[in-house]
Every structure is written in structure tokens, then in C-alpha cells.
Amino acid sequence: MDNKKTKVAISWSGGKDGCLALYRTLKNEHEVVCLVSMVSEKHERNHAHGLRLEIVKQQAKALGIPLVLVNSGDDYEHALIQALTELKQDKGVEEIVFGSLYAEDDRKWNEEVTLRAGLKPSFPVWVSEGESSQLLKEFITLGFSAVICRASDKIFDHSWAGRMLDQEFYKDIHHMKSCCVMGEAGEYHTFVLDGPIFSKKVHIVQSGVVLNSGLWSLDIEDCRLVEKKDGIELINRL
């Protein structure tokens, strides 16, 4: 019997959707070769959530998975296709995993880009819009810890930036009008700090809330990694 594991890469923003997709991928016993994050080297932040690159690197270290940063340059699509093609050639990656939920246009674009790179696209957290509430509940129940790093000022006030995804958040988000509870239309974004697949916790040391381009953003300036061993937390600085 051939027990060879499928080699996969995870499209990575640092948020809950990709993290849950990673969790399910590991449960399916695939070999996760790396996390792939599209970034702007000029601004030293990732595109999806505007996180400082050093913060995303520390998160990957907490997960114990190599992180590949892809500079978009002047052509985001071309840069991604080239990066995926190289991962196939150099690392033997066969599949790219996305955290898309139910947005058909988003899925179509991801599929087209992946196929052009000669890889297979995978969508382990794909659900119907009506199932998004259950997906959020699953994320919280599994023991993941995440913070709101971006929130639309058309829906939320500044106090939502920095909120944790917990049972209180779950209750409150269901009372917000014209808002997907998972933020699939960009209503809010998250940064995952801990969970069952993390070998260490990410502890935010310094941050501030700023309003930028219609988004209340939690600018995480510094973080520490916390060892998870026998219930004792040992803090390591960057």
C-alpha cells in the first residue's frame, strides 16, 4: 500500500479561515510543506491583513511550519503563480489549500491561478453562507485564540479592533446588521494567537488601534512567543 502523503502548501494571511483550513488539512494527514503569504516588501506587511512581516514570521514559528513570503511587486497574480510553480518544482508541492468559505468569485480566481501553476486547489472549509455561523462556533470550540486585527468602520466602532474571538464575540457578531459572522466579505479580519496546532502561543506585547482606509486596524508592533509546557508559560522575546 502506498502511504505517501500529499504535499501541500497553505495560502496564509494569519487569520482564522486559513488556520482552520490548516487544521483540517493536518487532520487529513497531508504533509504541510509551508505557509504562503503574499506581502509587500516595500511596506514590510502582508497584503491580506496589513500585519508586520516580523509578526507573521513569529506566528509561523509558533506553528512550527516554514513560511514563504511572496513579494507581489507590480503584478500580484504573476508573483503568486511563479511562487507556486517554484514550490512544485523545488519542494514537490502538489496542492494549495485556501481558506475560502462561500464567495464564488474568490474561489474561481484561486482555482484559475492554482491550475496555471500546475497544482491542485483545495478548499477544506468551503461552506454555504448559512453554515458560516457553525464554522465560527467550531473555531472557538476547538480552542483557537484569535484577535480582531481589522474591522470596517462602516459596521464597527474602534472598540472592535483588538477584541478576542470568544463566546461573547460570537453572540455580539450575530446582532450586527449586514455582516457575515465570519467576515467573508471583508467586514473584519483576524490574527490567530494560539490553538491546538500551535506549539507555542503568540503573546501581543505592544499594539495600537489606527483608522486607515475605512478600517479600524490593530497595529501589532511587538509580540513574544510563550512556551506551552506542563501548564507553565515561559515567555521568549523576539
Side-chain angles (χ1 to χ4, degrees), residues 9-23 26 32-73 76 79-80 83 97-99 139-140 143-153 156 158-166 169 182-183 186-228 233-238:
I10 311 290
S11 178
W12 195 253
S13 66
K16 63 181 182 354
D17 302 345
C19 194
L20 192 54
L22 169 61
Y23 173 83
L26 291 170
V32 176
V33 174
C34 62
L35 310 173
V36 180
S37 187
M38 299 298 292
V39 307
S40 167
E41 290 183 353
K42 178 181 179 181
H43 298 103
E44 298 184 333
R45 294 177 183 268
N46 72 348
H47 282 299
H49 296 171
L51 296 163
R52 296 171 188 253
L53 299 189
E54 280 303 319
I55 302 300
V56 183
K57 289 176 183 177
Q58 290 304 304
Q59 183 192 47
K61 186 181 293 186
L63 284 162
I65 301 175
L67 175 67
V68 175
L69 300 178
V70 181
N71 182 37
S72 65
Y76 186 103
L80 178 56
V97 173
F98 295 97
F139 180 82
I140 296 171
F144 283 102
S145 175
V147 63
I148 303 296
C149 61
R150 276 183 169 178
S152 170
D153 71 345
F156 307 100
H158 72 280
S159 68
W160 284 75
R163 282 194 62 169
M164 301 299 296
L165 264 68
D166 51 21
F169 173 87
M182 284 289 284
E187 297 95 332
Y188 72 90
H189 298 291
T190 59
F191 178 65
V192 184
L193 305 171
D194 189 22
I197 55 177
F198 279 68
S199 59
K200 299 178 181 180
K201 296 180 181 180
V202 180
H203 172 69
I204 297 175
V205 175
Q206 185 174 345
S207 65
V209 177
V210 297
L211 180 61
N212 184 23
S213 301
L215 295 167
W216 295 110
S217 298
L218 182 72
D219 186 17
I220 304 172
E221 300 174 43
D222 190 15
C223 71
R224 300 177 183 179
L225 297 186
V226 180
E227 300 282 355
K228 303 198 295 186
E233 298 185 350
L234 303 175
I235 298 179
N236 294 326
R237 271 196 77 81
L238 278 170

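Hydrogens, waters and symmetry mates are skipped; everything else that's a heavy atom, side chains included, is used.
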Could you state the interatomic distance from [atom1] ([X]) to [atom2] ([Y]), rounded to the nearest 0.5 Å?
X	Y	atom1	atom2	value
L35	L67	CG	CG	6.0 Å
W160	E187	CH2	CD	11.5 Å
L53	H43	CG	NE2	11.5 Å
W12	C34	CH2	SG	12.0 Å
E44	L69	CD	CG	11.0 Å

- Item | Test side chain to side chain contact (heavy atoms under 4.5 Å, CB included) applied to F144 and C19, step by step | CA-CA 9 Å; F144 283 102; C19 194; 3.5 Å; yes
What pairs of donor and acceptor atoms, side-chain ones from residues 191-199 against any protein atom, are under 3.5 angstrom apart with sequence neighbours left out?
{"from": "D194", "atom 1": "OD1", "to": "K228", "atom 2": "NZ", "distance (Å)": "2.8"}
{"from": "S199", "atom 1": "OG", "to": "A62", "atom 2": "O", "distance (Å)": "2.8"}

Taking all non-hydrogen atoms of both residues, which atom of [X] and which atom of [Y] are closest, and how far apart?
X	Y	answer
L218	G162	CD2-CA, 4.0 Å
G99	D17	O-CB, 3.3 Å
A79	M38	CB-CE, 4.2 Å
R150	L215	CD-CD1, 3.8 Å
V209	H158	CG1-O, 4.2 Å
I55	I220	CG1-O, 3.5 Å

- Item | Residue list, side-chain hydrogen bond (donor to acceptor under 3.5 Å, both in side chains) with S72, at least two apart or on another chain |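 Counting only residues at least two positions away or on another chain, S72 forms a side-chain hydrogen bond (donor to acceptor under 3.5 Å, both in side chains) with H47.
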- Report yes or no: does K16 contribute a side-chain atom to a donor-acceptor pair with the main-chain N or O of M182 at less than 3.5 Å?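 The answer is yes, because a donor-acceptor pair under 3.5 Å joins these two groups.
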- Query: Can you check whether E41's main-chain N or O pairs, donor with acceptor, with N71's side chain at less than 3.5 Å?
  - Reply: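 Present.
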- Determine, step by step, whether V36 and S11 satisfy the side chain to side chain contact (heavy atoms under 4.5 Å, CB included) criterion, reporting the C-alpha distance in whole Å, the side-chain angles of both residues, the deciding distance to 0.1 Å, and the verdict. CA-CA 5 Å; V36 180; S11 178; 5.7 Å; no
- Message: Give me each pair satisfying side chain to side chain donor-acceptor pair (under 3.5 Å) with a member in residues 209-219, each pair once, sequence neighbours excluded.
- Response: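 Found R45-D219, R52-D219.
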- Item | Pairs touching residues 57-68 that satisfy salt bridge (Lys or Arg N to Asp or Glu O under 4.0 Å), sequence neighbours left out |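 The answer is E54-K57.
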- Residue that, paired with V147, satisfies side chain to side chain contact (heavy atoms under 4.5 Å, CB included) out of I204, L165, T190: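 That would be I204; it is the only one of I204, L165, T190 passing the side chain to side chain contact (heavy atoms under 4.5 Å, CB included) with V147.
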- Message: Could you check whether F139 and Y23 have their ring centres less than 6.0 Å apart?
- Response: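 So the answer is no for these two rings.
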- Could you walk me through whether L22 and V97 pass the side chain to side chain contact (heavy atoms under 4.5 Å, CB included) test, one step at a time? CA-CA 8 Å; L22 169 61; V97 173; over 6 Å; no
- Task: Using side-chain contact (heavy atoms from CB on, under 4.5 Å) as the criterion, list what pairs up with A48, not counting sequence neighbours.
- Result: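 By the side-chain contact (heavy atoms from CB on, under 4.5 Å) rule, A48 matches S13.
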- Task: Mind jotting down which residue pairs meet the ring pair (Phe, Tyr, Trp, His ring centres under 6.0 Å) criterion with at least one end in residues 48-67? Sequence neighbours excluded, please.
- Result: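 For residues 48-67: H49-H189.
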- Start with the C-alpha gap between D153 and L211, add the side-chain angles, then the distance that decides, and say whether side chain to side chain contact (heavy atoms under 4.5 Å, CB included) holds. CA-CA 8 Å; D153 71 345; L211 180 61; 3.9 Å; yes
